[in-house]
Structures are given as structure tokens and as C-alpha cells.
J.: 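Shown below is the structure under consideration.
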Number of protein chains: 2
Amino acid sequence: MMRVTTVTNTRELAHPAREEIRLEGILHALSDPMRMRVVRALATTEDELSCSYFVLPVTKSTTTHHFRVLRESGVIQQVYRGTAKMNGLRRADLDALFPGLLDGILDAAAREAERLGDEA
Amino acid sequence: MMRVTTVTNTRELAHPAREEIRLEGILHALSDPMRMRVVRALATTEDELSCSYFVLPVTKSTTTHHFRVLRESGVIQQVYRGTAKMNGLRRADLDALFPGLLDGILDAAAREAERLGDEA
DNA sequence: ATCATTGTACGAGAATCGTCGTAGTTTGAC
DNA sequence: GTCAAACTACGACGATTCTCGTACAATGAT
């Protein structure tokens, strides 16, 4: 049993500030196929998507891990909404820091998906 | 002692064909600071640069390792010239596969270097 | 209060990675 | 042939990564 001390939401999630985001971290985060899949899906919409929206061929705890890597590298932002955890790309921050980078990588990912057999 | 059987150069190096280059591999290769340093230097010139041109804060065997990762991911091409091994970016292949990707990443790296203390 | 849903924390295991040192090969110059 | 220069191969080490399973926590509905 946990005592609620304030009105504000518990379960806050640590995000790097914009200036703390590192290119290395972004590239590393996106060099994993599962995480690239997540980011590509997030890029297709303005809405935030819950973790459970994604059906990855790994267990739930592994999925949690990948979302954390994405959040801690600054690629996505996460917020709790009820029991769900919503995810959104940090487009504004990424575009401000590295104009064109995200789109360049997403375009590259789309080309590669097309070039290889993408049955998505 | 090794017997030379043909006139052509021994010491051939295995490179992935253009179609074998994977985005994941590129992103992973560039997510390491040493390798990013090398690629940024290679991008500043049309010439090929020898491995010994680069003075990285790691040993020579580690340097060899990084160059191999770059070659096997398709980011650079390598060829022996005398005792030296020359390195060049695979610009044509990368631009054909993923237009704008390399420049986008290089630009991002330049911005980050400027943003943080770059005394290069 | 109970319960189902959603996601986490905490190991743990196998694999990969970055690094090193030592010993070796290849080449070109002497 | 000898030697120095440039780079490699191999084994090793610790650190990180990706994965899992089990147990737990927070929320909202009943």
C-alpha cells in the first residue's frame, strides 16, 4: 500500500532534456530492429500509441526494455494515461537538434523495407 | 612462406555488395564515437586516408577492429597500397541506397560537435 | 474489496562489443 | 637478406545488450 502525498501524478518518467540528447544514443537506439519498428510506427501518426499497441515478437518485459532505451536516448517521450503508457516521437526536439536526421533515417528505413521483403 | 599463384594482388578485403548493406548495420557502425570520428574525417576529403592517418585514443589493434566494423557494414571501402591500407567512404553506394542519410548524419554530427565543446 | 489490464522490477543467461597485449605477416627500403 | 613500418590475428577481459521468466505495482471497472 502506498501513501499518496500530493495531488500530482505519481509515476513520473525520467526523460533527457533536449540538450542532453546525444546523436550516438539516437543511432544506437535505432540500430535495433525492434526499436526501429516502434519508431516507424510512431512516425506514421500524430497520436500517441500505447505500448500494448505494438505486437513485437518478444516478451512484454523485453518490450518494456526497448521502450526504455528509446525514452532514455531521447527518441520518444512516454506518459502514463490510466494503466496505459502512451508513446510519442520527440519530433520537435529531434528536429531542433538535428534537422533532417529523423526524416532521413525514416526514409532510409522505408527504402530498406521496400527493397527487402516487407509484408507489413 | 606463401606461394604467389597469380599476378593480381593478394590481400583482398571482403566488402559487402551494395545490396547487402543494411541500415541497421550503418547505424550501429556510426553509434560508436571512434568510428564516427573516422567517418567524419573521411567525409572532409575526396582522397583516401590511411589507417595510420587517424590518431585515435585507443591501441592499434582496436583501431583495426573499428575499421573492420566500418568496412563490413558497408560504410567504408578499404584497399591496400603498399604497407598502408587506404580508406574511403562508400558515398556512391550509400547515396544510392539511402539518399540523404549519410549527409543527414554527418550534419547531425557536426551540429553536435559544435554544440558540445569541440576542440578539433 | 476484488479483479483484470497494463506495464515494471529484478535477476539471470547467452551473445555481442570495445578494449587490450602479444605475436605475426606483408610490404618497401636499405 | 635485413630491417622498419603498417597493419592483422588471436585470445582475453570486462561491460553492455537482448532476451527471458517470475513476481510485483498502479489503475480503472465491477
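The sequence lines fix the lettering, A, B, ..., with proteins before strands; numbering per chain opens at 1.
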J.: If you only use heavy atoms from C-beta on, which nucleotide in C:dC20, D:dC7, D:dA26 is closest to the side chain of B:Thr62?
T.: C:dC20
J.: Take atom CE of B:Met86 and atom P of D:dA6, then tell me their distance rounded to the nearest Å.
T.: 12 Å
J.: Before accepting this row, confirm whether a basic side-chain N of the pair B:Arg111/B:Glu114 lies closer than 4.0 Å to the acidic partner's carboxylate O.
T.: no
J.: Does B:Thr64 reach the main-chain N or O of B:Lys60 with its side chain, forming a donor-acceptor pair under 3.5 Å?
T.: yes
J.: Choosing from D:dC10, D:dT19, D:dT27, which nucleotide comes nearest the side chain of B:Ser61?
T.: D:dC10
J.: Just how far, in rounded Å, is P of C:dT6 from CZ of A:Phe54?
T.: 15 Å
J.: Both B:Ser52 and A:Val69 contact DNA chain D. Which one's nearest nucleotide lies toward the 5' end?
T.: B:Ser52
J.: Of the candidate nucleotides D:dA9, C:dC20, D:dA26, which contains the atom at the shortest distance from the side chain of B:Val58?
T.: C:dC20
J.: Starting from C1' on C:dG7, measure out to CD1 on A:Ile76 and report it in whole angstrom.
T.: 13 Å
J.: Given C:dG28, is OP1 or OP2 found less than 4.0 Å from the side-chain N or O atoms of B:Arg81?
T.: no
J.: Would you mind classifying the nucleic acid contact of A:Arg35 as base, sugar-phosphate or nothing, using non-hydrogen atoms under 4.0 angstrom?
T.: sugar-phosphate
J.: Is the side chain of B:Arg71 donor-acceptor paired with the backbone N or O of B:Ala14 at a distance under 3.5 Å, no angle test?
T.: yes
J.: Rounded to whole angstroms, how far apart are CD on A:Gln78 and C1' on C:dT6?
T.: 13 Å
J.: Without decimals, in angstroms, what is the distance between B:Asp32 CG and D:dA15 C1'?
T.: 14 Å
J.: Using modelled atom types only, decide if a donor and an acceptor are shared between the side chain of A:Thr63 and the backbone of A:Thr59 within a distance under 3.5 Å.
T.: yes
J.: Does A:Arg81 come within less than 4.0 Å of A:Glu48, counting only side-chain N to carboxylate O?
T.: yes
J.: Specify the residue among B:Asn87 and A:His65 whose closest nucleotide of DNA chain D lies further upstream toward the 5′ end.
T.: B:Asn87
J.: Given atom OH of A:Tyr80 and atom P of D:dA26, what is their separation to the nearest angstrom?
T.: 10 Å
J.: At 4.0 Å (heavy atoms only), tell me whether A:His66 reaches a base, stays on the sugar-phosphate, or touches nothing.
T.: sugar-phosphate
J.: Over all strands shown, is B:Ser50 touching base, sugar-phosphate only, or nothing at heavy-atom distances under 4.0 angstrom?
T.: sugar-phosphate
J.: For the side chain of A:His28, starting at C-beta, report the closest nucleotide among C:dT27, D:dC18, C:dT19.
T.: D:dC18
J.: Could you tell me whether the phosphate oxygens of C:dA9, OP1 or OP2, come under 4.0 Å of any side-chain nitrogen or oxygen in A:Arg68?
T.: yes
J.: Which whole-number value in Å describes the distance from B:Phe67 CZ to C:dG18 P?
T.: 15 Å
J.: Please state how far atom NZ in A:Lys60 lies from atom P in D:dC24, giving the value in whole angstrom units.
T.: 16 Å
J.: Tell me whether the side-chain N/O atoms of A:Thr59 come closer than 4.0 Å to OP1 or OP2 in D:dC20.
T.: yes
